[in-house]
Amino acid sequence: MKSYILDNDWKVYKEKNKYFIEVRPIKNSIFKYHETVEIEEEIFLDIVNGENQVKNLFKKFGLHKIIMAWNGKPLKGKRLKNTENKYYGGGWLVQREGKKYFIEYLAASQGGKVIKREIDEKIYLVARSGKVDLPELIKRFNLY
């Protein structure tokens, strides 16, 4: 079985006509557990054709959303749905956990580090409005 290694050391491979990514924990990120996640052929073929940058796969395919939503079944063609406590923007997520609010997004640094930081309710509500993108949120609320 031929496998491909991404820039953050995650392994991608094909087995019995299915495609998988072996997600390894990344310190201080949302990826806290070692798990194997089924991915779509389109993602696998992009990797076979030379893409090994996780941040590019996150941006192009929403790979981080597929991994975060993994429950043992592939998400093929499904989009993550916003809920009362979670709102998915383009490559970012705001969520309410109890009485606290958080934003998660992919940093532009090498390896695609995911940043999760606490925010206040005002930022959460502005983000949920869908009228701003991530760069505007970061700039407007000084989330550097």
Can you find a heavy atom in the side chain of [X] that is under 4.5 Å from one in the side chain of [Y]?
X	Y	value
Y87	Q95	no
L134	I103	yes
I43	V12	no
L6	Q53	no
L63	I39	yes

For the student: nearest non-hydrogen atoms of [X] and [Y], plus distance:
X	Y	answer
L137	L143	O-CD1, 3.8 Å
S3	Y13	CB-CB, 4.0 Å
V54	D7	N-OD1, 2.9 Å
K122	F141	CE-CE2, 4.2 Å
Y19	N17	CE1-O, 4.1 Å
F20	E15	CE1-O, 3.9 Å

Looking at residues at least two apart in the chain, or sitting in another chain, which of them share a side chain to side chain contact (heavy atoms under 4.5 Å, CB included) with [X]?
X	value
R140	V126, V132, E136
K139	Y144
E84	R96

Approximate separation, where rounding is to 0.5 Å, of [X] [atom1] and [Y] [atom2]:
X	Y	atom1	atom2	value
I138	W92	CD1	CH2	10.0 Å
F102	K86	CZ	NZ	12.0 Å
E118	Y101	CD	OH	10.5 Å
E41	D46	CD	CG	12.0 Å

Going through the distances and angles, do K116 and E97 end up as a salt bridge (Lys or Arg N to Asp or Glu O under 4.0 Å)? CA-CA 13 Å; K116 180 177 181 179; E97 295 176 6; 3.1 Å; yes
Let me see the working for R24 and D9 under salt bridge (Lys or Arg N to Asp or Glu O under 4.0 Å), right down to the final yes or no. CA-CA 8 Å; R24 296 184 178 141; D9 290 326; 5.8 Å; no
Under a 3.5 Å threshold, yes or no: a donor from one side chain and an acceptor from the other, between E22 and H34?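 Distance-only check passes for E22 and H34.
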Please step through side chain to side chain contact (heavy atoms under 4.5 Å, CB included) for the pair I119 and K100, ending with a clear verdict. CA-CA 8 Å; I119 57 174; K100 293 185 177 186; over 6 Å; no
Please enumerate all residues that pass side chain to side chain donor-acceptor pair (under 3.5 Å) together with Y124, with sequence neighbours excluded.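 In terms of side chain to side chain donor-acceptor pair (under 3.5 Å), with neighbours along the sequence ignored, Y124 is linked to R128.
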Holding to side chain to side chain donor-acceptor pair (under 3.5 Å), I want the full list of residues that pass it with E51, two or more places apart in sequence or in another chain.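 With neighbours one apart ignored, the set is N56.
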Test I47 against L57 for side chain to side chain contact (heavy atoms under 4.5 Å, CB included), laying out the working first. CA-CA 9 Å; I47 294 165; L57 295 167; 3.9 Å; yes
List the residues meeting ring pair (Phe, Tyr, Trp, His ring centres under 6.0 Å) with Y4, not counting sequence neighbours, and say none if there are none.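 Partners of Y4 under the ring pair (Phe, Tyr, Trp, His ring centres under 6.0 Å) test: F44.
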Would a single hydrophobic cluster contain both I5 and V23, if residues Ile, Leu, Val, Met, Phe, Trp and Tyr are joined by side-chain heavy-atom contacts under 4.5 Å?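 Result: no, two separate clusters.
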